[in-house]
Each structure stands twice: as structure tokens, then as C-alpha cells.
There are 2 protein chains.
Amino acid sequence: MGDAVDLLLAQWARERPDLDVWPMGIMGRISRLSRLLDRELKEFFAAYDLERWEFDVLATLRRSGPPYELTAGALNRAAMVTSGAITNRIDRMASKGLVERVPDSGDRRSIRVRLTERGLALVNEVLEPHIANEARLLASLDPRERDHLAAALRTLLASLGDTTLG
Amino acid sequence: MGDAVDLLLAQWARERPDLDVWPMGIMGRISRLSRLLDRELKEFFAAYDLERWEFDVLATLRRSGPPYELTAGALNRAAMVTSGAITNRIDRMASKGLVERVPDSGDRRSIRVRLTERGLALVNEVLEPHIANEARLLASLDPRERDHLAAALRTLLASLGDTTLG
DNA sequence: TGGTGTTATTTCAACGTTGAGATTATCAAT
DNA sequence: ATTGATAATCTCAACGTTGAAATAACACCA
């Protein structure tokens with residue numbers, strides 16, 4: 001029961017038996033999984049005419065609670081992208097009627113991005129099937145394995161300084 | 001000692017206590033880790049005037065063993081990108097003198113991409129410090145945690161069908 | 001109240017990938 | 001040999017991100 005990374009490790013063991021390449025067993029798997037899972041999510045969201053990044057923005061606003069609005073800066077920290085990318089995303093989603101820009105009364109440099117009624121309805125509609133789809137993708141792990149996996153990933157993220165959503 | 005995903009889960013628990021969003025604890029962490037680790041690797045490779053994708057191509061060829069050559073198709077399956085992306089990468093690396101295209105004697109549709117001497121020397125030079133850098137990024141895990149983590153990720157990858165490098 | 005440094009957003013050119021189509025070659029069966 | 005289906009690579013326009021510069025507003029303190 002091996003995966004593509006087992007093959008990679010076997011190749012290195014043959015070519016460079018002097019090196020212990022164990023980190024590749026983790027780094028390579030995180031990288032490949034991220035790509036595979038992205039593809040699956042992309043396919044899922046296509047059924048709702050949504051890009052994955054659109055759902056991410058909707059979900060970030062939704063889970064922030066009423067009035068479902070955040071500054072552009074908070075959104076780009078949550079999405080781990082640059083400010084230019086967030087400006088672009090807000091533009092596109094605003095023209096689709098999913099979010100709207102509202103002025104920030106406390107700070108005129110800031111804008112607040114708010115879910116429209118349509119955006120709120122859409123994220124509420126998609127959320128449950130999305131979680132069910134994610135659960136399907138993770139179904140090969142039993143509950144104990146899931147917990148251990150989540151705990152190890154948390155340790156790693158925290159050690160890399162990922163402790164805030166902005 | 002929490003991470004950004006713990007905050008995300010807490011937000012969902014407050015906003016949608018009726019839903020069990022556990023899959024996000026794994027999917028969200030894989031996605032964020034992948035981005036963070038990519039940034040770290042990018043920074044590391046910059047010291048060698050290398051893009052991360054360039055190193056990936058060099059390493060894929062290197063670990064395939066002498067004569068250090070693979071078809072374009074094998075490279076794009078290993079890298080999990082489309083054929084157009086690989087054509088572009090080969091072009092750029094060939095003009096940098098790191099690889100060369102050689103005809104495939106058995107199949108004239110195929111090309112074989114071979115490490116040049118310079119490419120081979122470069123990957124040999126970078127390999128050890130790269131692994132040391134990866135080990136540093138994973139230093140927060142003790143050896144037992146590493147093994148469990150790698151095993152869980154392997155289970156997931158295999159269940160998603162990632163069982164070959166092409 | 002003026003000056004200096006910092007922060008939030010937008011703009012834009014450069015970059016790399018995708019996805020689809022075009023081209024050329026192989027394979028299987030007739 | 002010819003046809004049709006499949007496969008490998010290349011081409012290219014569309015897309016979204018990055019990274020840096022521009023703009024505007026805030027904060028602090030002299």
C-alpha cells in the first residue's frame with residue numbers, strides 16, 4: 001500500500017544511499033496532497049458556478065459572524081495572498097453581486113467587504129454539501145487517525161508562526 | 001498552543017454549532033501548510049538563483065538515475081502540472097543550460113529531457129542543504145510524530161489514487 | 001500644525017499555469 | 001496499405017497571482 005512518494009523515496013535510497021531524505025516523505029506528501037485536494041474542490045465548486053477562491057472569501061466572511069463584513073486586509077491575511085490579489089477578488093465578486101464594498105467609518109483608508117444577501121444565501125447553501133464532500137475525501141482515515149493527523153499538522157503550523165487569521 | 005485553523009474552527013462552532021466541520025481541521029491545515037512551506041522553499045532556493053519548479057525538475061531527473069533523462073510526459077506527471085507548463089519549463093531550463101532535449105529513439109513523438117553536466121552539478125550541490133533546510137522546517141516534530149504523520153498522509157494520498165510518479 | 005513614519009488599498013506589468021486546439025506519430029485491426 | 005483511435009508534445013490566449021510603486025489616510029510627537 002504505497003503512494004507516489006514511496007516511489008520517490010525508493011529512488012533516492014538507490015541513488016543517494018548516503019543521504020537520509022526523510023523530510024521529503026512529509027514535504028512531498030503535503031505538496032502533492034494540496035494539489036490533489038485542490039483539484040477535487042475545484043471540481044466540486046464548479047457545480048455551483050463557483051471558483052474555489054470565491055468560496056474561500058464567502059466562507060471567511062460568513063464565519064466572521066454578523067454583519068458578515070471584514071476589511072480587505074483581514075481577507076488577504078486569511079487567504080494568504082497579496083493585497084493585489086484581494087483587490088482583484090473583491091472586484092470580481094462585487095460585479096457578480098456576492099459582496100459589496102462599504103466604507104469603514106473608523107478609518108477612511110480601509111474598506112469593509114460585506115456579504116450581500118445573495119452571497120449569504122449562496123454560502124449557506126453550499127456549506128453543508130462542501131463539508132460532506134471534504135469528509136468523503138478524508139474517508140480513508142479513521143477518527144483516531146484524523147485526530148492525530150490534525151494534531152501533527154497543528155504543531156507544524158504553529159511552529160511556522162501561523163497563529164492568526166488576521 | 002493553537003494555530004490559525006483552531007481559530008477558524010472556533011468561529012464555525014460559534015456560527016454554526018449544528019455542523020461538525022472537522023474536515024476543515026485537516027483540509028485547511030494542509031492548504032495553509034502547503035503555502036507556508038512553499039514560501040520557505042522559495043526563499044531557500046533564491047540563494048542559488050533557482051526557482052522551486054526548477055529544482056523539482058532537476059531533482060526528478062537526478063533521482064531517476066543515469067543517464068538522468070526522462071520524457072516530457074514523465075516530468076509533467078511527476079510535477080502534477082499540464083503539458084503546456086512542462087514545455088515552458090523545459091524551454092527555460094534548456095536556455096539556461098541545465099537540461100537538453102534529446103530525441104527518443106523508440107518513439108518519435110516523445111522527447112527525452114536530459115540533465116546537462118551543469119544541471120547535474122547544480123542539483124548535486126543543492127541537494128544536501130535543501131534536505132537540511134526541510135529538516136529544519138519540520139524540527140517541531142519528534143521522530144515518532146514524523147512517522148505517524150507520514151503514514152497518515154500516505155494513506156490519504158493512496159486513497160486519492162496517487163500511486164505513481166509517471 | 002507640521003513633519004515623519006506607518007498602514008490600507010489600488011494599480012499595473014511581469015510571470016507561470018491552465019485548458020483547448022493543432023500537429024505529428026504510433027498502434028490495432030482490417 | 002488504410003483507416004480510425006489513441007498518445008506525446010507544442011502553441012497560445014485567458015486567467016490569476018506576485019511584487020513593487022502609487023495614493024491616501026492615520027498616528028505620534030515635537
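Side chains are part of it too, since the values below use all heavy atoms of this structure and drop only hydrogens, waters and symmetry mates. Chain A is the first sequence line, chain B the second, and so forth, proteins listed ahead of strands; every chain is numbered from 1.
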Distance (rounded to the nearest 0.5 Å) between B:L153 CG and B:I30 CD1: 6.0 Å

From the list [options], which nucleotide is the closest neighbour of the side chain of [X]?
{"X": "B:K42", "options": "D:dG19, D:dC26, C:dA20", "answer": "D:dG19"}
{"X": "B:R92", "options": "D:dT9, C:dC15, C:dT10", "answer": "C:dC15"}
{"X": "A:A72", "options": "C:dT9, D:dC26, D:dG19", "answer": "C:dT9"}

For a quick check of understanding: with a heavy-atom distance under 4.0 Å over all strands, which category does [X] fall into, base, sugar-phosphate or nothing?
{"X": "B:A85", "value": "base"}
{"X": "B:D104", "value": "nothing"}
{"X": "A:R52", "value": "nothing"}
{"X": "A:S110", "value": "sugar-phosphate"}
{"X": "A:R39", "value": "nothing"}

In whole Å, what is the span from the [atom1] atom of [X] to the [atom2] atom of [N]?
{"X": "B:D91", "N": "C:dC15", "atom1": "CG", "atom2": "C1'", "value": "15 Å"}
{"X": "B:W53", "N": "C:dG16", "atom1": "CH2", "atom2": "C1'", "value": "9 Å"}
{"X": "A:I86", "N": "C:dA8", "atom1": "CD1", "atom2": "P", "value": "14 Å"}
{"X": "A:I111", "N": "D:dA25", "atom1": "CD1", "atom2": "P", "value": "14 Å"}
{"X": "A:R108", "N": "D:dA25", "atom1": "CZ", "atom2": "P", "value": "6 Å"}
{"X": "B:F55", "N": "C:dG16", "atom1": "CZ", "atom2": "P", "value": "18 Å"}
{"X": "A:R109", "N": "C:dG5", "atom1": "CZ", "atom2": "P", "value": "17 Å"}
{"X": "A:L75", "N": "C:dA8", "atom1": "CG", "atom2": "P", "value": "13 Å"}

Sub-4.5 Å side-chain heavy-atom contact between A:R154 and B:V5: no

Whichever of A:N88 and B:R112 has its nearest DNA chain D nucleotide further upstream toward 5':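 This one resolves to B:R112.
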
Polar side-chain contact A:T71-C:dT9 base: donor and acceptor under 3.5 Å: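 No, no donor-acceptor pair under 3.5 Å.
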
Donor-acceptor pair, side chain of B:R63 and main chain of A:A13, under 3.5 angstrom: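 Looks like no, no N/O pair under 3.5 Å.
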
Side-chain (A:S31) to main-chain (A:G28) donor-acceptor, under 3.5 angstrom: no

Comparing A:R35 and A:T87 on DNA chain C - which has the more 5′ nearest nucleotide: A:T87

Phosphate contact (C:dT10 OP1 or OP2) by A:R101 side-chain N/O below 4.0 Å: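 Checking A:R101 against C:dT10: at least one side-chain N or O falls below 4.0 Å of OP1 or OP2.
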
Exercise: identify the closest heavy-atom pair between A:D49 and A:E54: O-OE1, 4.0 Å

